[in-house]
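What follows is a short report on a single structure.
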Amino acid sequence: MDARFSDEENAFRAEVRAFLQQAWTPELAARVDDDDSYPQAIGEWQRRLFERGWVAPGWPRQHGGCEWTPTQRYLYELERSAIGAPEVPPFGIKMVGPVIIQFGNAAQQARFLPRILRAQDWWCQGYSEPGAGSDLASLKTRAERAGDHYIVNGQKIWTTYAQHADWMFCLVRTDHAARRQDGISFLLIDMKTPGIRVQPIVSIDGVHSLNEVFFDNVRVPVDNLVGEQDRGWTYAKSLLAHERTAIAGVGDSKRRLRRLRQLAQRETCGGKPLAEDPILQARLADIEIELMALETMELRALFEASKGKGPGPESSLLKIKGSEVQQAIQAVMMELAGLYGAVLPGGLDAQAIGHDFGDEARRAYMYGRAATIYGGSNEVQKNITAKAVLGL
């Protein structure tokens with residue numbers, strides 16, 4: 001029992017643990033870890049959660065959600081990460097779903113939300129552009145009204161899993177004369193529409209999850225506009241606050257840190273376990289201190305959320321520190337893997353410290369370099385914090 005939580009909350013945590021131990025099977029885990037079978041396997045995992053009624057913790061019950069308290073959501077994330085189960089793809093459940101619930105009309109809610117819950121549609125995020133990353137308000141993809149359609153032209157980049165997506169939620173410019181933030185709209189775009197081209201980007205870890213997406217006179221029904229035209233920046237900010245809070249990744253970082261300690265006990269250097277090396281001990285202790293502080297900050301944010309407050313500048317702080325902790329852990333993973341961390345996929349296994357750990361460490365380290373960039377670069381998040389908290 002954890003004294004920080006009530007008896008009821010601890011009972012809920014035990015219920016979550018029991019369900020995950022039954023539902024997250026080794027067979028499904030192997031399929032999720034395989035790049036080729038990932039889309040189908042992660043969809044199956046989401047459907048298992050849906051059948052249990054646990055796929056949308058933050059959604060209201062009227063739309064099929066759990067309506068969990070912030071503390072219940074936090075406890076679920078701790079147990080999920082502890083067992084090594086993945087999050088469901090966030091683009092539907094955590095990003096566009098809440099926007100449709102808050103700002104969409106009844107027809108959009110009836111059309112899209114049930115399919116998001118059941119993993120019948122795969123979503124991607126059309127935000128960043130080659131000249132508009134952290135400075136998202138400078139985006140140039142345009143949508144011009146033509147009768148009952150918008151005609152979309154432009155380009156998006158770093159679009160995760162666009163190659164699998166059925167739909168994209170996309171920021172487009174609908175007013176070129178207005179202040180940059182005032183001329184943006186939020187469109188839902190069917191990825192099968194003629195004129196859309198997806199071009200793969202293979203990232204430094206050797207994985208194809210990112211893409212460029214090109215729009216050439218793509219016709220999007222006006223019915224797919226969420227909220228009001230030219231008000232999309234408001235909806236985008238709401239979505240990004242939730243995304244940045246989720247990037248903190250406290251549970252997953254705690255699991256990786258525990259594993260690092262276990263591996264350091266098994267790997268030797270100079271005839272002694274690496275866990276006895278004072279320099280490594282100090283580094284792991286420093287990371288754990290930062291992680292404990294991050295967890296406390298997240299618990300404070302959950303307390304504020306329980307009083308009905310949405311994510312504020314603390315979402316930027318959680319994103320900054322969470323991504324820095326992740327990168328610190330990944331750096332130690334690479335050093336623990338040693339020379340095995342340089343082995344490309346299909347090469348030698350790092351048998352000394354666990355099957356395939358060298359490949360895992362290399363991929364985590366390489367892809368993790370982007371953690372301080374995606375979701376809004378940490379430099380920009382510091383500016384947001386300085387303005388919102390310090391009044392600078």
Side-chain angles (χ1 to χ4, degrees), residues 32 34-46 86-100 111-112 115-116 118-134 136 139-143 150-173 184-221 224-226 232 235-236 239-240 242-243 246-247 363 366-367 369-371 373-376:
V32 167
D34 185 282
D35 292 335
D36 293 332
S37 59
Y38 172 78
Q40 295 75 27
I42 200 68
E44 182 178 332
W45 172 235
Q46 180 171 326
E87 290 186 283
V88 299
F91 305 105
I93 294 293
K94 291 189 175 182
M95 295 185 184
V96 72
V99 171
I100 293 173
R111 178 183 181 186
F112 293 109
R115 295 184 63 84
I116 290 173
R118 294 180 173 85
Q120 292 174 302
D121 289 329
W122 188 296
W123 286 79
C124 64
Q125 179 182 32
Y127 274 29
S128 295
E129 298 181 3
S134 294
L136 187 58
L139 66 89
K140 292 182 172 55
T141 296
R142 65 187 186 277
Y150 288 102
I151 309 301
V152 179
N153 285 279
Q155 177 187 359
K156 297 295 179 177
I157 199 168
W158 314 123
T159 313
T160 303
Y161 292 127
Q163 74 270 33
H164 304 310
D166 303 293
W167 287 84
M168 171 189 284
F169 54 95
C170 188
L171 292 182
V172 295
R173 187 160 300 284
I184 293 171
S185 297
F186 195 103
L187 287 183
L188 309 178
I189 301 178
D190 186 340
M191 291 293 285
K192 297 183 292 295
T193 308
I196 295 178
R197 178 167 61 91
V198 177
Q199 182 169 303
I201 299 173
V202 178
S203 50
I204 195 172
D205 59 348
V207 174
H208 171 209
S209 61
L210 305 173
N211 302 271
E212 292 180 275
V213 182
F214 299 88
F215 301 91
D216 182 10
N217 292 322
V218 175
R219 294 175 60 83
V220 180
N224 290 5
L225 171 71
V226 174
Y235 317 144
L239 185 153
L240 284 170
H242 290 284
E243 178 186 6
I247 289 173
R363 290 175 61 161
M366 294 297 186
Y367 190 81
R369 299 309 88 198
I373 301 173
Y374 59 62

If you apply the rule side-chain contact (heavy atoms from CB on, under 4.5 Å), what do you find for H208 with I201, and how did you get there? CA-CA 6 Å; H208 171 209; I201 299 173; 5.8 Å; no
Determine the minimum heavy-atom distance between [X] and [Y], stating which atoms define it.
X    : Y    : value
A236 : L171 : CB-CD1, 3.7 Å
I189 : C170 : CD1-CB, 3.7 Å
V198 : M191 : CG2-CE, 3.9 Å
V172 : A143 : CG2-CB, 3.6 Å
R363 : D205 : O-CB, 3.8 Å
G43  : A119 : O-CB, 3.9 Å

Can you tell me how far [atom2] of [Y] sits from [atom1] of [X], rounded to the nearest 0.5 angstrom?
X    : Y    : atom1 : atom2 : result
W158 : Y374 : CH2   : OH    : 13.5 Å
S209 : Y38  : OG    : OH    : 9.5 Å
T193 : M168 : OG1   : CE    : 10.5 Å
I100 : M95  : CD1   : CE    : 13.5 Å
L210 : S128 : CG    : OG    : 10.5 Å
S185 : Y235 : OG    : OH    : 8.5 Å

Side chains of E129 and Q155: donor-acceptor distance under 3.5 Å anywhere? no
Aromatic centroids of F112 and W167 separated by under 6.0 Å: yes
For F91 and Y161, I'd like to know if the aromatic rings sit close, meaning centre-to-centre distance below 6.0 Å. no
Is [X] reaching over with its side chain to a backbone N or O of [Y], donor-acceptor style, under 3.5 angstrom?
X    : Y    : value
S37  : A41  : no
Q46  : I116 : yes
K156 : Y127 : yes
R173 : L139 : yes
N153 : N217 : yes

Evaluate the side-chain proximity of [Y] to [X]: yes if any heavy-atom separation is below 4.5 Å, no if none is.
X    : Y    : answer
I42  : P89  : yes
D166 : W123 : no
L187 : F169 : no

Take V220 and D190 through the side-chain contact (heavy atoms from CB on, under 4.5 Å) test and state the conclusion after the steps. CA-CA 8 Å; V220 180; D190 186 340; over 6 Å; no
What I want to find out is whether R111 reaches D121 closely enough, with some N-O distance under 4.0 Å, to be called a salt bridge. no
Between the side chains of E212 and R197, is the shortest nitrogen-to-carboxylate-oxygen separation below 4.0 Å, so that they form an ion pair? no
Taking it one step at a time, do F214 and I196 satisfy side-chain contact (heavy atoms from CB on, under 4.5 Å)? CA-CA 6 Å; F214 299 88; I196 295 178; over 6 Å; no
Exactly one of H164, Q163, Q199 should register a side-chain hydrogen bond (donor to acceptor under 3.5 Å, both in side chains) with N211. Which one does? Q163
Might you confirm whether atom CH2 of W122 has over 12 heavy atoms from other residues, nucleotides or ligands at distances under 6.0 Å? yes
Let's go through L188 and V96 carefully: what are the C-alpha distance in whole Å and the side-chain angles of both, what is the deciding distance for side-chain contact (heavy atoms from CB on, under 4.5 Å) to 0.1 Å, and is it a yes or a no? CA-CA 9 Å; L188 309 178; V96 72; 3.9 Å; yes
